[in-house]
Amino acid sequence: MENDNTVQFTRKRTGQLYGMVFDGIKLVSVDAGSPAEQAGVSSWVGRNVEKINGVPVKTASDVQAHVSKDKVSLKFEVEEDFPDASEGEDEPTDVPKEAPIYTQTLTEETFQTLLAQDIIEIGSSRDDCLRALSWTGVPDKYRAHVWRLLTGCIPAKKSRRTLEESHKTEEYRSLCNKYYEGSNRTELGISRQIHIDVKRMQPGKPLFRDLKIQAICHRVLYLWGVRHPGSGYVQGMDALLTPFVAVYFSEICHTNLLHHTNVCSVSSVLENLAPSLLFQVESDCYWSLSTLLDHVQDYYIPAQPGVQKTALRVSLLVSKADAVLHQHIISLGADFLRDFIWRWGTCFLVRELPLDAVKRLWDCYLAEGPDSGDFHTYVCTAFLFHWREQIMGCDFNELMTFLRSLPTKDATEDTVSMWLSKAYLLQKTYSHL
């Protein structure tokens, strides 16, 4: 079979590939490299596809001819739109112990074509639109632009973007003048706490040791805190800001600032930027963070009901999907809220993963929009399941030590995509609970 061979298939049921539901007409690429990946692709096609190029497919073995031993890229394009799979089909009663791993690459051309439209269809996270494509991962080249669209920093209509972005920048400037500059900064307690937190943001990344970046982060977090007295600034919000800073400033600097190895290198790059451009990107960070926090604010208001709800849901999901693991955790005297979800929930796993991997997670959360907090529950559960073997071998003290220093430094976007796939399976199986 030749590389990039395009085949037409007729959908048998709603399919799932890294969380993407096939609904309508869309194009998906699947890279099949290792024998395990080839088997996974064949298995998925066997379960979800009725015909390939008009030839009926009944079992996974029927599609082996479409997956060669060499690395190939299969492109499946939906030929027709069919009724929901739920009609006449039983839903799965349990989650697979291991979700199949698929490597999906939505090409830069796919995003380029969509982003070039005069009016971009943002849509819901399950439609054939920007949210659906973003759910499966955004290429670095377009990530900043896509995130601005998903968080409302810029409008979907191209002709309005320059004016709208100018208005948002000026609105942010007025907030700085009103609440931050000089004697206007009256919430000194908040200011001191943010100063402490900003100093220790991403300690291994020189980008966040740069004084300009620290000042920008302090200003953004302070303004959000004083403008939202219902919660104010809460520790953990600083973690949610870091992906936006990394992505937006890397875009205007035309280099991945996370890969710079010393502060001097970062500072020299930022020195070449016009102050007006720096301020515009700072404004974008503020508005994007505001949108995300609006969706998950119950994680930060007094008593943090969002975090408590997530902990209860994760405990319930683990008890249903893996009763042995759940019983082991309980028998150790571990608490889902205190020992697992408190940090994972308030920081949305930012402190557990390298920022390059977090960017992939943010693609999904921003695509989920108002449902990002709910989906985070399933991501936390999938994340916990990933460490099942280690947890089962721990006593209480060993578990606490392990959780404080999870071995995630080598996690990549592909690793996160695997967790997202498992989280999606959990959501589809247990959303009725």
Side-chain angles (χ1 to χ4, degrees), residues 143-144 147-148 150-154 164-182 184-203 205 207-253 257-258 266-267 270 273-297 299-300 346-348 350-351 355 358-359 362 365-366 372:
R143 183 168 273 132
W147 284 13
R148 287 185 177 100
L150 293 175
T151 58
C153 278
I154 55 177
E164 289 286 331
E165 190 162 32
S166 176
H167 283 168
K168 281 190 172 291
T169 302
E170 289 308 308
E171 184 179 353
Y172 180 70
R173 190 186 307 277
S174 70
L175 294 175
C176 291
N177 293 334
K178 182 176 180 180
Y179 296 109
Y180 195 84
E181 300 303 331
N184 292 335
R185 201 188 316 171
T186 57
E187 299 292 338
L188 299 182
I190 293 178
S191 183
R192 281 193 295 268
Q193 185 59 59
I194 293 173
H195 177 77
I196 293 171
D197 292 345
V198 164
K199 288 293 183 182
R200 58 192 184 193
M201 287 169 66
Q202 294 291 326
K205 294 298 181 183
L207 169 62
F208 294 96
R209 305 280 70 77
D210 178 79
L211 294 180
K212 278 187 177 179
I213 294 297
Q214 289 185 353
I216 286 169
C217 291
H218 187 282
R219 194 157 43 241
V220 167
L221 293 168
Y222 179 85
L223 289 173
W224 194 92
V226 298
R227 292 194 69 229
H228 296 80
S231 65
Y233 170 76
V234 177
Q235 286 181 291
M237 291 179 178
D238 56 306
L240 271 61
L241 176 61
T242 55
F244 295 118
V245 170
V247 169
Y248 291 170
F249 279 94
S250 292
E251 179 203 35
I252 63 167
C253 293
L257 293 174
L258 293 176
V266 173
S267 299
L270 295 176
L273 299 176
S276 59
L277 185 56
L278 281 172
F279 190 78
Q280 180 180 315
V281 178
E282 178 183 335
S283 170
D284 289 342
C285 290
Y286 173 81
W287 295 117
S288 290
L289 177 67
S290 295
T291 298
L292 178 59
L293 286 174
D294 284 348
H295 295 157
V296 297
Q297 195 166 357
Y299 280 74
Y300 301 101
T346 56
C347 298
F348 278 69
V350 171
R351 292 180 181 169
L355 263 184
V358 169
K359 292 187 293 186
W362 248 232
Y365 284 160
L366 297 181
S372 53

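Because only heavy atoms are used, hydrogens play no part in the values below, and waters and symmetry mates are left out as well, while side chains stay in. For the single chain, residues carry numbers from 1 onward in sequence order.
- The only member of Glu251, Glu165, Lys168 that meets side chain to side chain contact (heavy atoms under 4.5 Å, CB included) when paired with Asp284 is Glu165.
- Heavy-atom minimum distance, Ala239 versus Arg351: CB-NE, 4.0 Å.
- Distance check: Ile190 CD1 to His218 NE2 gives 10.0 Å after rounding to the nearest 0.5 Å.
- Salt-bridge annotation for Asp238 and Lys199: absent, with no side-chain N of the basic residue lying under 4.0 Å from a carboxylate O of the acidic one.
- Between Val198 and Leu221, the shortest heavy-atom distance links the atoms CG2-CD1, 4.1 Å.
- Two residues are said to be in side-chain contact when any heavy atoms from C-beta on lie closer than 4.5 Å; Pro243 and Leu355 meet this criterion.
- A salt bridge between Glu170 and Arg173 is present, with a side-chain N of the basic residue lying under 4.0 Å from a carboxylate O of the acidic one.
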Problem - Worked verdict on Phe249 versus Leu258 for side-chain contact (heavy atoms from CB on, under 4.5 Å) - result: CA-CA 10 Å; Phe249 279 94; Leu258 293 176; over 6 Å; no
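- Here the side chains of Arg209 and Gln214 are in contact, with some heavy-atom distance below 4.5 Å.
- In this structure, the separation between CG on Leu241 and CD on Gln202 is 10.5 Å, given to the nearest 0.5 Å.
- You'll find the side chain of Val245 reaches within 4.5 Å of the side chain of Cys217, heavy atoms only.
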Handout entry: Test log, rule side-chain contact (heavy atoms from CB on, under 4.5 Å), inputs Trp287 and Glu171
Key = CA-CA 10 Å; Trp287 295 117; Glu171 184 179 353; 3.5 Å; yes
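- For the pair Leu270 and Ile213, the minimum side-chain heavy-atom distance is below 4.5 Å.
- For the residue pair Thr151 / Trp147, no side-chain donor-acceptor distance below 3.5 Å is found, with atom types taken as modelled.
- Contact detail for Ser231 and Met237: the closest heavy-atom pair is OG-CE, 4.1 Å.
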Exercise for the section: Just do the side-chain contact (heavy atoms from CB on, under 4.5 Å) check on Thr169 and Phe279 with the steps written out, would you? Expected result: CA-CA 8 Å; Thr169 302; Phe279 190 78; 3.8 Å; yes
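- Arg143 contributes atom CZ, which lies 10.5 Å from atom OG of Ser250 (distance to the nearest 0.5 angstrom).
- Partner of Tyr172 under the side chain to side chain donor-acceptor pair (under 3.5 Å) criterion, chosen from Gln280, Glu282, His167: Glu282.
- Under the 6.0 Å distance and 45° angle rule, Arg148 counts as a cation-pi partner of Tyr248.
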Practice task
With side-chain contact (heavy atoms from CB on, under 4.5 Å) as the test, would you mind laying out the steps for Leu207 and Thr242 before giving the verdict?
Solution key: CA-CA 10 Å; Leu207 169 62; Thr242 55; over 6 Å; no
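- The aromatic rings of Phe348 and Tyr365 sit perpendicular, their planes meeting at an angle over 60°, well past the 30° parallel limit.
- Tyr233 approaches Gln193 most closely through the heavy-atom pair CE2-CG, 4.0 Å.
- Looking at His228 and Asp294, their side chains come closer than 4.5 Å, going by heavy atoms from C-beta outward.
- Nearest heavy atoms, Tyr286 versus Trp224: CE1-N, 3.7 Å.
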